Peer 1: 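I'd like to ask some things about the structure below.
Atoms within each ligand, like the ligands themselves, are counted from 1 in listed order. All figures in this text were calculated on a predicted structure; none of them were measured in a lab.
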Amino acid sequence: MKIAILSQDASLYSTRRLKEAGEAQGHEMRVINYLRCYMNITSHKPTVVYNGNELENFDAIIPRIGASRTFYGTAVVRQFEVMGVFSANESQAISRSRDKLRCLQILAREGIGLPVTGFAHATQDIDGLIDTVGGAPLVIKLLEGTQGIGVVLAETHQAAKSVIEAFRGLDANILVQEFIKEAKGADIRAFVIGTKVVASMKRQGAEGEFRSNLHRGGMAEKIKLTPEERSTAVRAAKAMGLRIAGVDMLRSNHGPVVMEVNSSPGLEGIEKASEVDVAGKMIDFLEKNVKLGKTGDRIQY
Ligand code: ADP
């Protein structure tokens with residue numbers, strides 16, 4: 001097959017591994033910087049042009065769209081879809097997953113376990129918002145944050161109120177969430193491909209840190225998931241319409257709760273921690289599904 005990896009940087013671990021894994025399985029792999037593509041939007045012959053050449057005869061694309069480039073990146077993915085090319089994740093599903101609030105609303109609709117969450121922009125009723133999630137301690141998140149930036153633990157009602165007021169002053173959209181204390185600064189990432197969890201890891205935050213992000217000094221290790229955690233991860237990916245997803249969960253007293261579903265999950269942490277060839281499994285998945293010619297997102301939200 002001829003497969004394009006849509007990535008801004010060919011030297012990134014995930015991009016390199018996907019290229020290697022595809023080539024090892026006999027495929028022609030090309031890394032395409034989607035920001036440098038332009039599109040010819042016609043119904044007669046839609047095309048994507050890169051470095052002056054039309055990108056033709058691709059069987060599949062693997063989108064690795066940066067969070068800050070969602071708008072243009074998903075437009076390029078959509079153009080490939082218009083051309084009938086199979087995408088590891090479809091443009092609609094990527095856009096959907098990029099909005100934390102939309103993501104939680106979709107998961108809630110499917111009855112998937114979530115931390116109790118409130119959403120606000122400029123509420124006057126801060127006490128009411130805090131009560132919605134069961135009072136302090138609680139977690140306040142900037143809707144636009146990534147890598148743990150803009151995620152704050154407020155230990156007291158007063159602290160929560162001050163932080164919410166500060167964010168309100170900045171005109172930011174915020175999520176207010178029940179603090180899952182029993183997770184003890186750890187979260188779990190399940191890597192879902194199709195209808196299976198193919199690899200998983202536990203990330204533990206640095207000493208005294210409730211955020212487990214690897215970018216914040218967290219450590220990753222291999223972990224075996226419970227059947228409930230596996231099925232929660234698979235259901236979450238399916239609810240979002242993602243074929244490939246990194247599902248982040250916390251272990252709460254009432255079972256796994258999903259924090260986020262990521263449409264371009266990184267490969268470095270998970271491959272190293274789990275010792276699974278995740279890139280190879282993504283290529284296997286493409287091989288099976290391109291043959292079946294499966295396309296079409298059927299989620300309505
Ligand atoms: P980001 O998308 O910026 O990484 P997350 O929502 O994933 O933000 O939060 C970062 C980290 O903070 C998580 O990996 C988790 O360890 C911790 N965390 C987030 N929400 C909660 C919560 N409700 N209870 C306990 N810990 C949380």
Peer 1: Can you tell which of Leu214, Ile140, Leu250, Ile180 gets a heavy atom nearest to atom 21 (C) of ligand 1?
Peer 2: Leu250
Peer 1: Just grab all the side chain to side chain donor-acceptor pair (under 3.5 Å) pairs involving residues 1-10, residues at least two apart or on different chains.
Peer 2: Ser7-Thr15, Gln8-Tyr34, Asp9-Ser11
Peer 1: Can you check whether Ser91's main-chain N or O pairs, donor with acceptor, with Glu81's side chain at less than 3.5 Å?
Peer 2: yes
Peer 1: Short question: side chain of Ser14, backbone of Gly266 - any donor-acceptor pair under 3.5 Å?
Peer 2: no
Peer 1: Has ligand 1 got any nitrogen or oxygen that is less than 3.5 angstrom from a nitrogen or oxygen of Glu260?
Peer 2: yes
Peer 1: Given side-chain contact (heavy atoms from CB on, under 4.5 Å), test Val151 with Val139 step by step and report yes or no.
Peer 2: CA-CA 7 Å; Val151 179; Val139 175; 3.7 Å; yes
Peer 1: Please identify which atoms of ligand 1 are closer than 4.0 Å to at least one heavy atom of Gln177.
Peer 2: 20 (N), 23 (N)
Peer 1: Would you list the pairs meeting side chain to side chain donor-acceptor pair (under 3.5 Å) in which at least one residue belongs to residues 186-195, sequence neighbours left out?
Peer 2: Asp187-Arg203, Asp187-Ser212, Arg189-Asp248
Peer 1: Could you establish whether Lys181 and ligand 1 come within less than 4.0 Å of each other, counting only heavy atoms on the residue side?
Peer 2: no
Peer 1: Around atom CE of Met83, are there more than 12 heavy atoms of other residues, nucleotides or ligands at under 6.0 Å?
Peer 2: yes
Peer 1: If the cut-off is 4.0 Å to any non-hydrogen atom of Arg211, which atoms of ligand 1 fall inside it?
Peer 2: 11 (C), 12 (O), 16 (O), 17 (C)
Peer 1: Could you go through the side-chain contact (heavy atoms from CB on, under 4.5 Å) check for Tyr50 and Arg30 one step at a time?
Peer 2: CA-CA 12 Å; Tyr50 184 60; Arg30 264 191 80 185; 3.6 Å; yes
Peer 1: Taking only heavy atoms of Lys141 into account, list the atoms of ligand 1 that are under 4.0 Å away from them.
Peer 2: 5 (P), 6 (O), 19 (C), 20 (N)
Peer 1: Going by distance only, is there an N or O of Arg203 that falls short of 3.5 Å from an N or O of ligand 1?
Peer 2: no
Peer 1: Could you tell me whether Met259 approaches ligand 1 through its side chain, its backbone, both or neither, with non-hydrogen atoms closer than 4.0 Å?
Peer 2: side chain
Peer 1: For ligand 1, which atoms have a heavy atom of Val151 less than 4.0 angstrom away?
Peer 2: 8 (O), 9 (O)
Peer 1: Looking only at atom types and distance, does a side-chain atom of Glu209 sit under 3.5 Å from a main-chain N or O of Gly218, one as donor and one as acceptor?
Peer 2: no
Peer 1: Only heavy atoms of Asp187, strictly under 4.0 Å: list the atoms of ligand 1 that pass.
Peer 2: 14 (O)
Peer 1: Would you please determine whether Asp248 falls within less than 4.0 Å of ligand 1 on a heavy-atom basis?
Peer 2: no
Peer 1: Which atoms of ligand 1 have any heavy atom of Phe179 under 4.0 Å away?
Peer 2: 24 (N), 25 (C)
